[in-house]
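First comes the structure, then the notes that go with it.
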Amino acid sequence: MKIAIAGAGAMGSRFGYMLSQSGQDVILIDQWKEHVKAVQENGLHINLDGEKRVVELPMYLPSELVDKNLEVDLIILFTKAMQLDSMLQAIQSVIHENTKVLCLLNGIGHEDIVEKYVAKENILLGNTMWTAGMEGPGRIKLFGQGSVDLQNIHPDGQKGAEEVVAVLNEAGLNAMYSENVLYSIYKKACVNGTLNGLCTLLDVNIAGFGNTTHADTIIRTIVNEFISVAAQEGVELEAEVAIAQIQATFDPEGIGLHYPSMYQDLMINHRLTEIDYINGAIVKKGQKYGIATPYCAFLTQLIHCKEEILNVK
Ligand SMILES: NC(=O)C1=CN([C@@H]2O[C@H](COP(=O)(O)OP(=O)(O)OC[C@H]3O[C@@H](n4cnc5c(N)ncnc54)[C@H](OP(=O)(O)O)[C@@H]3O)[C@@H](O)[C@H]2O)C=CC1
Ligand SMILES: CC(C)(CO)C(=O)C(=O)O
């Protein structure tokens, strides 16, 4: 399968690497010039559980694709939420009538953006528990295991979605066809809504926060805000199920030593965060449905304060 990864930072590069190792024909696309140049000139440097390796993968800026007349079977979107619209606009030349587009970003509501550029029949929505980090342009750090949940958003897309699940599984990405992707998205959003902002503000990794005596109370309160909003959208998510998935991330042998992507954005790279698409999205929906979401609102405000203090753009 010809696969383009659009947004090939940490996660996109991980998926691109694993898919190419399984024999798929992969290209990486990103708008970060230094990163693209580094991969074009020196290959993608991978630190996999401490073992270093370098792989050659074709990588392009979107502007370099325009006259290439490239057709791909699948595009996997892995930008940050703030860059999704501009990336989709920039890769129009690669999106054809039969191109499937799988969106795996963290957060809620990305389908509204993808639908502006892609026919509903070709849109697959999902999320992932894999992790990754950048050590610099052209260099990624990988450890731990993960999984992917995905589903077509239009009934005609099911066969295509099942094919994509099979391709991801051949690459060892542990993909599952979800019967209710909105459920999967809200369940994963509970993980991000409790860990990303708090690990960032408290300056700890997942295990560090999870091991505090207050973590459980805070997590339960935030999860309750998420599930009250989800219920208004027809998603019946049990608090204990969401909490169990969050607690499972604390294990240092799993992803407990990971600093969430928001920490990497704000504290390491001094970049804007996705808070408005996670806790901020719950606040907005809460206002619409008349549900109080004070913890999500406070967390969103604190992260925005930190963005201002660090003067990030
Ligand atoms: N990292 C993780 O462990 C996980 C992340 N996710 C989600 O996956 C999606 C992609 O995340 P992730 O791979 O972490 O994103 P990255 O920050 O690694 O890369 C995303 C984009 O950000 C820009 N960028 C990143 N770092 C720099 C930098 N130092 N300087 C300039 N530009 C930079 C690049 O695009 P550009 O130049 O266009 O700005 C890049 O394509 C997000 O929605 C995230 O929440 C989901 C699960 C786990
Ligand atoms: C790994 C995990 C689940 C941590 O919250 C994540 O999605 C992220 O880092 O953004």
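Remember, it's 1-based here, ligands and their atoms both numbered in the order they're listed. We count residues from 1, following the sequence as given. All heavy atoms count here, side chains included; hydrogens, waters and symmetry mates do not.
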- Item | Check: R271 N/O within less than 3.5 Å of ligand 1 N/O | yes
- Hey, looking at atom 38 (O) of ligand 1, which of M11, H35, Q31 has the closest heavy atom? Q31
- Note on the structure: Quick note, side chain to side chain donor-acceptor pair (under 3.5 Å) partners involving residues 214-231, not counting sequence neighbours, are D216-R220, R220-E240
- Query: Taking a hydrophobic cluster as the set of Ile, Leu, Val, Met, Phe, Trp and Tyr residues connected by side-chain heavy atoms closer than 4.5 Å, whether directly or through intermediates, do L102 and L28 fall within one such cluster?
  - Reply: yes
- Residues pairing under side chain to side chain donor-acceptor pair (under 3.5 Å) where one sits in residues 136-150, two or more places apart or in two chains, turn out to be D149-S184
- Selection from A132, S86, A81, G144 by shortest heavy-atom distance to atom 1 (N) of ligand 1: A132
- Of T212, I222, V204, the one forming a side chain to side chain contact (heavy atoms under 4.5 Å, CB included) with L198 is I222
- Item | Flag, side chain of Q40 to backbone of M59, donor-acceptor distance under 3.5 Å | yes
- Do the side chains of L77 and L150 join up, straight or via other hydrophobic residues, at under 4.5 Å, putting them in one cluster? no
- Under the side chain to side chain donor-acceptor pair (under 3.5 Å) rule, what pairs show up with a residue in residues 4-22, not counting sequence neighbours? Y17-R53
- May I ask which of K188, Q83, R14, K80 has a heavy atom nearer to atom 15 (O) of ligand 1 than the others do? K80
Show the distances, to 0.1 Å, for all pairs joining an N/O atom of ligand 2 and a protein N/O atom that are shorter than 3.5 Å, listing one pair per line.
| residue | atom | partner | partner atom | Å |
| --- | --- | --- | --- | --- |
| ligand 2 | 5 (O) | N192 | ND2 | 3.4 |
| ligand 2 | 5 (O) | N196 | OD1 | 2.6 |
| ligand 2 | 7 (O) | N106 | ND2 | 3.1 |
| ligand 2 | 7 (O) | K188 | NZ | 2.9 |
| ligand 2 | 7 (O) | N192 | ND2 | 2.9 |
| ligand 2 | 9 (O) | H258 | NE2 | 2.9 |
| ligand 2 | 9 (O) | S261 | N | 2.8 |
| ligand 2 | 10 (O) | N106 | ND2 | 2.9 |
| ligand 2 | 10 (O) | N192 | ND2 | 3.4 |
| ligand 2 | 10 (O) | N196 | ND2 | 3.1 |
| ligand 2 | 10 (O) | S261 | OG | 2.5 |

